[in-house]
Amino acid sequence: RELVSRLHQRGVQVFLVSGGFQSIVEHVALQLNIPTANVFANRLKFYFNGEYAGFDETQPTAESGGKGKVITHLKEQFHFKKVVMIGDGATDMEACPPADCFIGFGGNVIRKQVKEKAKWYITHFDELLKELEE
């Protein structure tokens, strides 16, 4: 929360790009004061009787390389000069490029491949907060 709040104070737009499900990711976004329009995730589909019908395969996050496609879209839409991707998985790391920088995150789970290949790897967001202070 503190990192997102600090970024918002600096006028930085924050987006959540996830291979998870929209309904869950939007809940997290609301807790972090991130607009739901800034959430890109997979959507579940249900039949009219409420039964699970699968997921929306038209969402970019539902396909291989989807996170990179979302970043490309955001750069084109908002004319961002720099986009930094923070993530704990290989699909996050693969989104750089088009992201300009990737920061590997091991605060929840340490994935060997991400830790070894990320130029910058952190295990707690306090490390980024310290950088913002400088």
Side-chain angles (χ1 to χ4, degrees):
R1 277 193 178 124
E2 189 176 348
L3 176 61
V4 172
S5 177
R6 188 84 52 88
L7 290 170
H8 283 158
Q9 288 170 5
R10 291 174 162 231
V12 175
Q13 290 189 58
V14 178
F15 296 84
L16 297 180
V17 182
S18 174
F21 296 112
Q22 186 94 16
S23 57
I24 297 168
V25 180
E26 281 183 349
H27 179 73
V28 172
L30 291 172
Q31 292 179 357
L32 297 174
N33 294 316
I34 297 171
T36 55
N38 289 11
V39 173
F40 294 84
N42 293 314
R43 292 188 181 133
L44 296 174
K45 295 191 304 188
F46 297 92
Y47 294 109
F48 288 112
N49 67 1
E51 288 183 32
Y52 174 70
F55 64 95
D56 184 353
E57 296 173 6
T58 65
Q59 297 301 307
T61 52
E63 60 187 68
S64 179
K67 291 179 182 180
K69 289 177 183 177
V70 170
I71 290 173
T72 297
H73 165 75
L74 293 173
K75 288 176 100 172
E76 290 171 356
Q77 181 179 359
F78 295 102
H79 306 287
F80 291 135
K81 291 184 174 111
K82 296 279 182 189
V83 172
V84 176
M85 177 74 158
I86 301 171
D88 66 357
T91 60
D92 301 309
M93 191 168 52
E94 290 168 358
C96 182
D100 300 288
C101 175
F102 172 73
I103 300 171
F105 180 70
N108 298 319
V109 62
I110 295 176
R111 292 189 172 88
K112 183 180 176 186
Q113 177 187 13
V114 175
K115 186 174 183 179
E116 289 175 353
K117 292 185 178 179
K119 291 180 183 174
W120 190 4
Y121 191 84
I122 62 169
T123 56
H124 198 281
F125 288 123
D126 284 348
E127 296 171 63
L128 293 177
L129 286 168
K130 287 178 189 173
E131 290 295 323
L132 289 174
E133 290 173 5
E134 295 178 5

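Note that the coordinates shown come from a computational prediction; the quantities given were computed from them, not determined experimentally. The figures that follow rest on heavy atoms only: side chains count, while hydrogens, waters and symmetry mates do not.
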> Are any of the side-chain heavy atoms of V14 and L32 separated by less than 4.5 Å?
Replying inline: no
> Roughly how far, to the nearest 0.5 Å, is CD of E94 from NZ of K117?
Replying inline: 8.5 Å
> So, for Y121 and R111, which heavy atoms are closest and what is the spacing to 0.1 Å?
Replying inline: OH-N, 4.1 Å
>> Which heavy atom of A118 sits nearest to which heavy atom of F102, and what is that distance?
In response: CB-CE2, 3.9 Å
> Under the 3.5 angstrom rule, does the side chain of K115 hit a backbone N or O of G106 as a donor-acceptor pair?
Replying inline: no
>> Nearest 0.5 angstrom please: Q13 CD to H8 NE2, how far?
In response: 8.0 Å
> If you measure from CD on E116 to CD1 on I110, what distance do you get to the nearest 0.5 Å?
Replying inline: 11.5 Å
> Looking at NE2 of H79 and CD of Q77, how far apart are the two atoms once the value is rounded to the nearest 0.5 Å?
Replying inline: 8.5 Å
> What heavy-atom pair brings M85 and A99 nearest, and what distance separates the two atoms?
Replying inline: CB-CB, 3.9 Å
>> Do F105 and L128 have side chains that approach each other closer than 4.5 Å (heavy atoms only, starting at C-beta)?
In response: no
> Quick one: CD1 on I86 to SG on C96, what's the gap to the nearest 0.5 Å?
Replying inline: 12.0 Å
> Do side-chain atoms of D100 reach the backbone of V83 as a donor and acceptor pair under 3.5 angstrom?
Replying inline: yes
>> Using the side-chain contact (heavy atoms from CB on, under 4.5 Å) definition, which of the options V28, V70, T91, V25 pairs with S18?
In response: V25
> Is the shortest heavy-atom distance from the side chain of V114 to the side chain of D92 under 4.5 Å?
Replying inline: no
> G68 and A95: which non-hydrogen atoms are nearest, and at how many Å?
Replying inline: N-CB, 3.8 Å
>> Any non-hydrogen side-chain atom of I103 less than 4.5 Å from a side-chain atom of V84?
In response: yes
>> Are R1 and N33 packed together at the side-chain level, in the sense that at least one heavy-atom pair is separated by less than 4.5 angstrom?
In response: no
>> I need the minimum non-hydrogen distance between E2 and L129, along with the two atoms involved.
In response: CD-CD1, 3.7 Å
> Is there a donor-acceptor pair closer than 3.5 Å between any side-chain N or O of E127 and the backbone N or O of H124?
Replying inline: yes
>> I'd like to know if L3 and L30 are part of one continuous hydrophobic network [Ile/Leu/Val/Met/Phe/Trp/Tyr, side-chain heavy atoms within less than 4.5 Å].
In response: no
>> With heavy-atom distances below 4.5 Å as the criterion, would you say the side chains of I71 and F15 are in contact?
In response: no
> Are more than 12 heavy atoms from other residues, nucleotides or ligands located less than 6.0 Å from atom NE2 of H27?
Replying inline: no
